[in-house]
Amino acid sequence: MCGIVGAISKNKNILPILITGLKNLEYRGYDSAGIAYLKNKKIKITKVAGKVTNLSSKLNKEDTSTVGIAHTRWATHGSANSINAHPHKVNHITIVHNGIIENFKELKEMLISLNYKFKSTTDTEVAAALLDFYYDKFKDINKTITEFMKNVKGSYAISMLIDNDLESIYVLKKESPLIIGTANNMNIIASDIRAILKYTNKYFILDDFEYAKISTDDITIYNKDQNIINKKLNIYQDKDDNTSKGNYKHYMLKEIMDQKDTILNTALPFIEKGIISILNMPDLTKYSKIDIVGCGTAYHAGLVAKYLFRELTNTKCDVYLASEYRYENNFLNKDVLTIFISQSGETADTIAALKLVKEKACPTLGIINVKNSTMTYLVDTCLYTKAGSEIAVASTKAYTAQVTLLALLVLSHGYRNKTISKSKTLQIIDEFNNINKLITPLLKQKERYIKIANSIYKEENIFYIGRGLDYAFSMEGALKLKEISYIHSEAYAAGELKHGTISLIKKNTPVLCSATNDKLNSKTISNLKEVIARGAKVYLITNNNYEDESFSIINIPKTSDFIKTILVIIPYQLIAYYTADLRGTDIDKPKNLAKSVTVE
Ligand code: M6R
């Protein structure tokens, strides 16, 4: 979480560059923001609670500067106020920080015993004080940084200004991402590429336990032994990525609509030449089992793949939440392929789980959206979803792109292990080629979704139910609604409801259900009758022709299970969107959330 940007130039005013960079990083955290810059040979700090616009309006419009660092925060230690906002300055040292200093309590006690005083409740101020302590002790910045790295537990990307050397920015990194870009007349550092792309597409990636000194005309990168190292200069080349909101009211709505392109873009390399293309997918037949790991929406995409692997290709498959997986006994062996799913490629729990599998030298595959993100370098093989930049915190087009790649991976596996015939494979490839004809009508039913939104937006509890794959869709549908509308919404396996939760159903409780499996539908419909008998109002997404006036029905076309995984979620996404819109929430940046969860 949190976003860092910093810049140093001989003659450019870097203040607008830092503010623009922060705005581009706000999706990583937006509880509070702050900036430190050189003004009249001193560091001037401005910090605010709330969004980056609050910060830019507080800045003195006359000020200019050639060196500065800035931060947008997602609170971990201490509430989101201007005191806890970064930068933190302790004597000579001013820093902004992403990550969590795990041993900050012990360090703080030690520093208090040495007469350090703290204004905030953050771990970051402790890090600043520790750096100041070492700097005072060693009078040498290399020794200061390496000693800090030896003694600090946890994760950090830190950008630092030092009073005695205001012609440089220092950066150090462990586990949280940090890049250093080189632009015309300026060097610019950031926690991710989006902050710097307007100025440069050339950048160095700092690895764990590396640090750097950056001046106007030089970037020197060191390893933990204080040796200067040569790093590869990366060039970001995704020119097609459109990050504008266009005429849409919110990024989320635009991203939902983008799905008519992003799904096909993601699928194309694996479908355009029929069977030949599907064989571009990695061969999974050598593995005895597939494990899938992810968080939030990525985990839900994994649940969909689990059903497809098990039911359609007779392959053992389990799915795990990364935050649980990393602390469990995983029975790993070299015959098990572990698939890591992530939009950002930076989610801390998923990275930790991935590192764990790598330590055991077991095979890994990534399904990742953001190019050059941390996970893309760690996995053995990476399949990119082609969703483009997803700005809204609620994941929509990344989810359908993940599900698309996973469905095609399952299809190729089924073709290879002969559980799916050649003719069936060709039929499904054909469906993928025609995906836009199937999605577009679903995207266009705005009035329909608004009508449903109108009937549920004042509720405080909503249930989503389904069986099998429909249960997986329910989980994603419920997550979409709760994260942007703040309505409590829960997903249940339809058959599980009467084991407790049905006691919460009362007159007019909304129950949203998907029933798209011919084998299970009659059972799901019975469960719906049970909630209707208790007063629930029911909305049903189905590919069957039900005529029942006690349900409000949204029909989706009848397709294979592979395509169904993409279709069902679209009504759920749009119902969530219009419901949140009626409640007037900050849809693209819901409270308490951040796009990229880079802390445990
Ligand atoms: O970047 P990742 O895909 O690893 O992120 C995982 C979750 O944090 C993410 O899917 C989250 O649940 C979304 N906000 C859901 O819309």
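What you see is a predicted model, and the numbers here were worked out from it, not measured in a lab. Just so you know, ligand 1 is whichever comes first in the structure, and atom 1 is the first atom listed for that ligand.
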**side chain to side chain donor-acceptor pair (under 3.5 Å) involving E175 - partner list, sequence neighbours excluded** = none

**Asked** Can you name the side chain to side chain donor-acceptor pair (under 3.5 Å) partners of Y377, sequence neighbours left out?
**Response** N372

**Message:** Can you pull out every ring-ring contact (aromatic ring centres under 6.0 Å, His included) where at least one residue sits in residues 561-584? Sequence neighbours excluded, please.
**Reply:** H250-Y577, Y464-Y572

**Request:** Could you tell me how the ring of F309 sits relative to the ring of H413: parallel (under 30°), tilted (30 to 60°) or perpendicular (over 60°)?
**Result:** perpendicular

**First-shell residues of ligand 1 [heavy atom, distance under 4.0 Å]** = C295, G296, T297, A298, S342, Q343, S344, T347, V393, A394, S395, L479, K480, E483, V597

**Prompt:** Using the ring of each side chain (for Trp, its six-membered ring), is H86 parallel, tilted or perpendicular to H71, with breaks at 30° and 60°?
**Reply:** parallel

**Asked** Looking only at atom types and distance, does a side-chain atom of N234 sit under 3.5 Å from a main-chain N or O of Y203, one as donor and one as acceptor?
**Response** yes

